[in-house]
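Reminder, nothing fancy here: chain letters follow the sequence lines and each chain counts from 1.
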Amino acid sequence: MKYSQLFTKTSKTVPSDETARNAQLLIQAGFVHKEMAGVYAYLPLGLKVLEHIKNIVREEMNAVNGQELIMTNLQRPDVWQTTTRWDDEIVDIWFKTKLKDDTEIGLAWSHEEPILNMMQQFVQSYKDLPVSVYQFQTKLRNELRAKSGIMRGREFLMKDMYSLHASAEDLDNYYNQVKDAYTRVFERVGIGSDTFLTFASGGAFTKFSHEFQTICAAGEDILYIHRGKNIAVNEEVLDDAVQELGVDKSELEKVVSAEVGNIFNFGTDKSAQMGIYFTNAEGHQSPLYLGSYGIGITRIMGVIAEKYSDDKGLVWPESIAPARVYLARLGDTDEIVQAADQLYAELTAANIGVLYDDRDVRPGEKFADADLLGIPMRVVISEKTISSNNYECKRRRESEVSFLNHQQLIETLSVMS
RNA sequence: CGGGGUGUGGCGCAGUUGGCUAGCGCGCCGCGUUUGGGACGCGGAGGUCGGAGGUUCAAGUCCUCUCACCCCGACCA
């Protein structure tokens, strides 16, 4: 991507109507646009980050045999009525509207019921099991109050997956596979060391569920963690959980965190409630065992923006950065332009994401933008680097520059994941 | 939903006790000088002050209603 062709601009000032650091930075750097409270548009650079996160999640979901699909955002009331969740008293975040003929419909805040209802059409026998489906979908939730920038909006992107099984053992086994897949996801997007598998409230169906919580000051949850034993407990179930885990409350560290993922083992409760059965090997009707697994895609982006930034701007992990390289061309002599164009073409051909700052602006502005945008590696091509026949490289996380020749540069960029 | 706060060019802000053609910085356009950490000079364009109603000779400044945004709380699979 050439910067000169990018329509977004960075700003020297932060928006006055945001206090959440993630939103301030993302807007200042031109990654997102705020449409209204809790509703954000994702601009080219922000979309790149989102796509990179999605691709990591997609790879891991595919690795546990998840099949990707896309459900609808307009939903039928009757599907939700079977579980009582159409009721505004039960679910208070519904957006509801009507068709021209007055038929009432809901806007998707979740897809659990519709997706199970649909799966019923295809899954009738134990021979059809197990099966696991997932999607990346926009969720619409009429929250009383939006806050924390993109971390808690009224419209957000989520990956949700549902697995159907013939037995509790099979579900348990799969549940653990997904747990591991989730752990890999959070490692790969760069928040592994601060993300904990957490005991949390299981809602109506199970005593505990597992949440993936990332330490983040802008989060909404309180966690009690033990780094050594790798234990984390949500405050809401603290007393029950410590008892069950056999640890003492006093050895736990209290931290503020944001929920980035959640996995549920529903057993057969949900499908029994919805009346969804399969025919088992004995020829009898049997309720499905069901698992549900969510990851907040836009929330991960917000958490990372929030956690990894400094006074100069964003600092993206390499795996999800909008580009791996910020190529700053200083000067516009033929030699310089040619060298920069050439490196840009070469890296692009090698599938290494580059934001090529080919603008006719002063060096200071390019450096400031490179920092603000948080691209992991800055490569400068200037008169100096041409005469010394190397590239000036600086990692976003570090302050020292290093000089690499062509081969060293390519090698360095290749090992960056 | 309760409490508090804020709405003035694209962005960030200032506008005294109401008073004449509504300012400043950034950004934007033109010309010139610059070119390794967001340059400088000169010349420009752009707002009717969130919206509606009212008080007044006169309203960005006062009153009423309304909309939006932010924060705290409540809420939050």
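- Separation of the C1' atoms belonging to B:C49 and B:G60 is 5 Å when rounded to the nearest angstrom.
- B:C57 and B:A52 are spaced 23 Å apart, taking the P atom of each and rounding to whole Å.
- Here the two rings, on A:His210 and A:Tyr182, have centers that are 6.0 Å apart or farther.
- Remark: the separation of the C1' atoms in B:U6 and B:C20 is 29 Å, to the nearest Å.
- At a threshold of 4.0 Å, the pair A:Lys312-A:Asp310 does not count as salt-bridged, since none of the basic side-chain nitrogens sits closer than that to a carboxylate oxygen.
- Distance CD1 (A:Ile90) to P (B:C75): 18 Å, rounded to an integer number of Å.
- Atom NZ of A:Lys147 is separated from atom C1' of B:G5 by 17 Å (rounded to the nearest Å).
- With 3.5 Å as the limit, one finds a donor-acceptor pair spanning the side chains of A:Asn265 and A:Asp172.
- Separating the P atom of B:U16 from that of B:C63 is a span of 14 Å, rounded to the nearest Å.
- If you look at A:His33 and A:Tyr40, their ring centroids are not closer than 6.0 Å.
- Distance check on atom C1': B:G7 versus B:U17 gives 24 Å, rounded to whole Å.
- Remark: the A:Arg378 side chain and the B:G37 base include a donor-acceptor N/O pair separated by less than 3.5 Å.
- Residues A:Tyr3 and A:Asp369 have side chains that bring a donor and an acceptor to within less than 3.5 angstrom of each other.
- Counting only heavy atoms from C-beta on, A:Thr13 has its side chain closest to B:G12 among B:A74, B:G12, B:C70.
- One can place CG of A:Asp369 at 12 Å from P of B:G27, the figure rounded to the nearest angstrom.
- Contact of A:Asp17 with B:G7 (side chain to base): no donor-acceptor pair of N or O atoms is detected under 3.5 Å.
- On the C1' atoms, B:G38 is 43 Å away from B:A74, given to the nearest whole Å.
- Aromatic ring pairs are classed by plane angle as parallel below 30°, tilted from 30° to 60° and perpendicular above 60°; the pair A:Trp109 and A:Trp94 is perpendicular.
- In this model, no donor atom of one side chain and acceptor atom of the other lie less than 3.5 Å apart for A:Asn234 and A:Thr198.
- Going from the C1' atom of B:U33 to that of B:G50 covers 43 Å, rounded to whole Å.
- Of all nucleotides listed (B:C71, B:G12, B:U34), B:G12 comes nearest to the side chain of A:Ser16.
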* Go ahead and write out RNA chain B as dot-bracket, 5' to 3': ( ) for pairs within the strand, [ ] for ones crossing earlier pairs, | when the partner sits on another strand, dots for unpaired; Watson-Crick or G-U wobble, both distances under 3.5 Å. => (((((((..((((.....[...)))).((((((.....)))))).....(((((..]....))))))))))))....

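- For the C1' atoms, the distance from B:G18 to B:C1 is 37 Å, rounded to whole Å.
- In terms of polar N and O atoms assigned as donor or acceptor, the side chain of A:Glu392 comes within less than 3.5 Å of the base of B:G36 in a complementary pairing.
- Note on A:Glu220: a base of the nucleic acid sits closer than 4.0 angstrom, heavy atoms only.
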